[in-house]
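FYI, side chains are in, hydrogens and waters are out, and symmetry mates aren't considered; it's all heavy atoms of this structure. Numbered from 1 within each chain, the chains take letters A, B, ... in sequence-line order.
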There are 2 protein chains.
Amino acid sequence: MKKNVKICPIDYSIDLLSKKWTLPIIYALVKKSPKRFKELEREITGISPNILSTRLKELEFNHLIEREVFPTIPPTVEYGLTEHANGLKSVFNELENFGLYHQKIKQ
Amino acid sequence: MKKNVKICPIDYSIDLLSKKWTLPIIYALVKKSPKRFKELEREITGISPNILSTRLKELEFNHLIEREVFPTIPPTVEYGLTEHANGLKSVFNELENFGLYHQKIKQ
DNA sequence: CAGTATCCAATGTGATACTG
DNA sequence: CAGTATCACATTGGATACTG
């Protein structure tokens with residue numbers, strides 16, 4: 001992303017969300033949050049643990065999710081959406097409307 | 001995408017939109033439609049013509065854009081959003097709201 | 001102009017093993 | 001459990017040249 005350039009907020013959002021698996025991860029946490037690493041891995045069909053790990057770090061860096069560690073044995077780590085990610089819920093609502101409509105027209 | 005399985009409309013939309021450059025292409029056409037191949041290539045910074053061509057075909061296959069050829073010399077081809085793609089405008093609105101907010105909290 | 005062809009680089013996948 | 005490390009492999013994307 002370029003520096004010292006006022007970037008269009010839509011392009012900005014697209015940059016934040018466009019890597020592979022990023023949207024499915026956030027959506028899993030929109031449905032219910034927080035979740036543990038294994039829960040996410042099981043729920044998001046097809047993702048591998050190394051990519052899940054990579055994306056979670058990126059999302060944490062961008063303040064969309066937060067990671068909390070509990071000193072249990074075996075270890076527990078929970079990932080939850082931050083309040084900064086709440087605006088994304090409307091995005092998913094619109095994706096839902098669009099999906100419902102488009103599924104019908106496409107047979 | 002799996003067959004004979006009722007897929008969640010959100011996952012369905014994500015599948016339609018999650019490939020690299022798909023969202024920037026649609027967004028370019030949300031701003032103004034129709035546009036010619038070269039216009040899209042110039043406007044979408046960083047895209048290469050082969051990827052643009054590939055994505056346009058996919059989007060046409062999914063009925064989100066339509067392609068019209070004019071028998072001029074040199075050739076003119078226009079790409080426009082279909083009415084089926086109109087529901088995506090709300091998605092971009094929400095992406096805009098989110099981007100505006102997130103740009104502020106992230107400095 | 002509107003693409004296609006080609007070849008190379010980057011990214012993601014899959015399997016497996018290993019650590020705290 | 002929650003990851004990281006390592007490779008081999010496949011798929012995707014990027015750069016560039018070229019055609020009708």
With sequence neighbours left out, write down each residue that passes side chain to side chain donor-acceptor pair (under 3.5 Å) with [X], or none if nothing qualifies.
{"X": "A/Asn50", "answer": "A/Ser48"}
{"X": "A/Ser90", "answer": "none"}
{"X": "A/Glu78", "answer": "none"}

Produce the list of close N/O pairs, under 3.5 Å, pairing protein atoms with atoms of nucleotides 15-20 of chain C; give distances to one decimal.
none

Worksheet item: Got a sec, which residues hit ring-ring contact (aromatic ring centres under 6.0 Å, His included) with A/Phe92, two or more places apart in sequence or on another chain?
Response: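 Applying ring-ring contact (aromatic ring centres under 6.0 Å, His included) to A/Phe92 gives A/Tyr27.
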
Item to complete: Quick one: stems involving DNA chain D, counted as three or more successive Watson-Crick or G-U pairs, both distances short of 3.5 Å.
Response: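 Stem list for DNA chain D: C:1-20 with D:1-20.
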
Table please: side-chain donor-acceptor pairs of residues 59-71 of chain B below 3.5 Å, with sequence neighbours left out.
unit_1, atom_1, unit_2, atom_2, d
B/Asn62, OD1, A/Lys106, NZ, 2.8
B/Asn62, ND2, B/Glu58, O, 3.3
B/Arg67, NE, B/Tyr79, OH, 3.3

Discussion item. Short of 4.0 Å, heavy atom to strand atom, which residues of residues 51-71 of chain A count as contacting DNA chain D?
Written reply: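 Heavy-atom cutoff 4.0 Å gives A/Ser53, A/Lys57, A/Arg67.
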
Worksheet item: Quick one, which residues of residues 18-29 of chain A touch DNA chain C with a heavy atom under 4.0 Å?
Response: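 Residues of residues 18-29 of chain A under 4.0 Å from DNA chain C: A/Lys20, A/Trp21.
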
Rounding to an integer number of Å, can you tell me how far [X] [atom1] sits from [N] [atom2]?
{"X": "A/Ile44", "N": "D/dA2", "atom1": "CD1", "atom2": "C1'", "answer": "15 Å"}
{"X": "B/Glu78", "N": "C/dC1", "atom1": "CD", "atom2": "P", "answer": "14 Å"}
{"X": "A/Phe37", "N": "D/dC1", "atom1": "CZ", "atom2": "P", "answer": "11 Å"}

Discussion item. Suppose we screen for side chain to side chain contact (heavy atoms under 4.5 Å, CB included). Which residues come up paired with B/Lys20, at least two apart in sequence or across chains?
Written reply: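 Applying side chain to side chain contact (heavy atoms under 4.5 Å, CB included) to B/Lys20 gives none.
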
Fill in: Pairing residues for A/Asn93 by the side chain to side chain contact (heavy atoms under 4.5 Å, CB included) criterion, not counting sequence neighbours
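A/Glu96.
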
Discussion item. Show me the pairs that pass salt bridge (charged side-chain N to carboxylate O under 4.0 Å, His left out) and involve residues 40-50 of chain A, at least two apart or across chains.
Written reply: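 Matches after skipping sequence neighbours: A/Lys31-A/Glu43, A/Lys35-A/Glu43, A/Lys38-A/Glu41.
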
Discussion item. Need one value for A/Thr72: base, sugar-phosphate or nothing, where a base atom within 4.0 Å counts as base even if backbone is also close, heavy atoms only.
Written reply: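 The answer is nothing, as A/Thr72 stays clear of every strand by at least 4.0 Å.
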
Worksheet item: Salt bridge between A/Glu39 and A/Lys32, side-chain N to carboxylate O under 4.0 Å?
Response: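 Judged by the 4.0 Å cut-off on N to carboxylate O distance, A/Glu39 and A/Lys32 do form a salt bridge.
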
